[in-house]
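Side chains included, hydrogens not; waters and symmetry mates left out as well; all remaining heavy atoms used. A quick note: this is a predicted structure, and the numbers were derived from the prediction, not measured. Along the sequence shown, the residues carry numbers beginning at 1.
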Amino acid sequence: MTTVIVDYRRGNVQSVCRAIEKCGGTFELSPRPEDLARADRVILPGVGAFGDCIGKLRSMGFVEPLQEFAKTGKPFLGICVGMQIFHTGGEEFGAHDGLNYIPGKVTAIPKVDANGKPHKIPHIGWTPLAVPQGQDASYWDGTILEGQEVGAPVYFVHSYTASPDDPSHRLADAHYNGVLIGAAVKRDNLTGVQFH
């Protein structure tokens, strides 16, 4: 099985590589769009701003090969900004079009908590995972979160949050001082996680 990690100079790829090695997996770190055609799995990491990341993917010729891979039904994982750019658009430093795999927007985390009091942005730290409202732990069956305990802490570093239009595309949430945070999304073979 060939796992290709997209190296478009906008992701903490070494952390992703180490994580795969720790799990006993193998991968190919590639800056070449043509390598996606032979991949069995693709991982799209991302660090920085939405517009910069999608712009770099465009300038390196990755957008069309990523779109073709998304149609194959093979596993496709987006991490952090890699997950955010799965959406229709983002508002970080202006309006930017995303890949539109998951209809929805990426917007700024509110600068006030659920009680209207200012809180720190970016949201940084360990925060418990939650199933979306109205779901239970079985909602994660058959996904990358299967077997994960509800309430398990995961690590976030972000100022923007993804909000899919269709609630069924929300895989996991988190709450930052009472503010809803999109922690993970899923649509068909696409999965994205905001946490690292």
Rounded to the nearest 0.5 Å, how far apart are CD1 of Ile54 and NE2 of His96?
10.5 Å

Just wondering, are more than 12 heavy atoms of other shown residues or ligands nearer than 6.0 Å to CD in Glu149?
no

Minimum heavy-atom distance between Leu190 and Ala70, given as atom pair plus value:
CD2-CB, 4.1 Å

Can you find a heavy atom in the side chain of Lys111 that is under 4.5 Å from one in the side chain of Pro118?
no

Minimum heavy-atom distance Ala39-Phe69, with the two atoms named
O-CE1, 3.4 Å

In a check of side chain to side chain contact (heavy atoms under 4.5 Å, CB included) between Val150 and each of Leu145, Val131, Leu129, which one passes?
Val131

Would Lys74 and Arg41 satisfy side chain to side chain contact (heavy atoms under 4.5 Å, CB included), going step by step from the backbone distance to the final call?
CA-CA 6 Å; Lys74 298 175 184 177; Arg41 298 182 184 96; over 6 Å; no

Any chain of hydrophobic side-chain contacts (each under 4.5 Å) joining Val42 to Ile144?
no

Restricting to non-hydrogen atoms, name the atom on Pro31 and the atom on Arg9 that form the minimum distance, rounded to 0.1 Å.
CB-NH1, 3.6 Å

Contacts satisfying side chain to side chain donor-acceptor pair (under 3.5 Å) that involve residues 42-59 (not counting sequence neighbours) are Arg10-Asp52

Taking side chain as C-beta onward, heavy atoms only, is Glu92 less than 4.5 Å from Ser159?
no

CA sep, side-chain torsions, deciding dist, call: Leu180, Arg170, side chain to side chain contact (heavy atoms under 4.5 Å, CB included):
CA-CA 12 Å; Leu180 182 67; Arg170 295 187 87 97; 3.6 Å; yes

Determine whether Phe62 and Tyr8 satisfy the following criterion, side chain to side chain contact (heavy atoms under 4.5 Å, CB included), listing intermediate values before the conclusion.
CA-CA 9 Å; Phe62 270 109; Tyr8 63 113; 4.3 Å; yes

Donor-acceptor pair, distance only, cut-off 3.5 Å: does the side chain of Asp113 make one with the backbone of Asn115?
yes

Does a side-chain heavy-atom distance below 4.5 Å link Pro33 with Glu64?
no

Just do the side chain to side chain contact (heavy atoms under 4.5 Å, CB included) check on Val179 and Thr161 with the steps written out, would you?
CA-CA 10 Å; Val179 174; Thr161 184; over 6 Å; no

Test of understanding: clusters of I, L, V, M, F, W, Y form through side-chain heavy atoms closer than 4.5 Å, transitively. Do Leu171 and Leu99 belong to the same one?
no

same_hphob_cluster(Ile85, Ile181) at 4.5 Å side-chain heavy-atom cutoff
no

Per side chain to side chain contact (heavy atoms under 4.5 Å, CB included), Phe76 is matched among Asp188, Leu44, Ile43, Thr191 by Leu44

When you compare the side chain of Asn100 with that of Thr88, does any pair of heavy atoms fall below 4.5 Å?
yes

Return each pair, listed once, that meets ring-ring contact (aromatic ring centres under 6.0 Å, His included) where at least one residue sits in residues 109-154; pairs must be two or more places apart or across chains.
His119-Tyr176, His123-Phe156, His123-His158, His123-Tyr176, Trp126-Tyr155

Do Val6 and Leu36 have side-chain heavy atoms sitting under 4.5 Å apart?
yes

Lys105 NZ to Asp165 CG distance, which is reported to the nearest 0.5 Å
9.0 Å

Check: Arg187 side chain, Tyr101 main-chain N or O, donor-acceptor pair, under 3.5 Å
yes

Is a donor on one side and an acceptor on the other found under 3.5 Å between the side chain of Asp141 and the backbone of Glu146?
no

Can you tell me if Gln133 has over 12 outside heavy atoms packed within less than 6.0 Å of its CD?
no

Quick one, Cys80 and His196 - any side-chain contact, counting heavy atoms below 4.5 Å?
yes

Linking I/L/V/M/F/W/Y whenever any side-chain heavy atoms sit under 4.5 Å apart, do Phe86 and Val63 land together?
yes

Please output the side-chain donor-acceptor pairs of residues 13-24 that fall under 3.5 Å, not counting sequence neighbours, one pair per line with the distance.
| from | atom 1 | to | atom 2 | distance (Å) |
| --- | --- | --- | --- | --- |
| Ser15 | OG | Asn12 | OD1 | 3.3 |
| Ser15 | OG | Asn12 | ND2 | 3.0 |

Over all atoms of both residues, closest heavy-atom pair of His87 and Met83
ND1-O, 3.3 Å

What one should report as the nearest heavy-atom pair of Pro128 and Ala174 is O-CB, 3.7 Å

As a quick check of understanding, evaluate side chain to side chain donor-acceptor pair (under 3.5 Å) for Ser30 and Asp7, giving each step before the final call.
CA-CA 5 Å; Ser30 177; Asp7 184 8; over 6 Å; no

Taking Val185 as the starting point, is it possible to reach Phe195 by hopping between hydrophobic residues whose side chains are less than 4.5 Å apart?
no

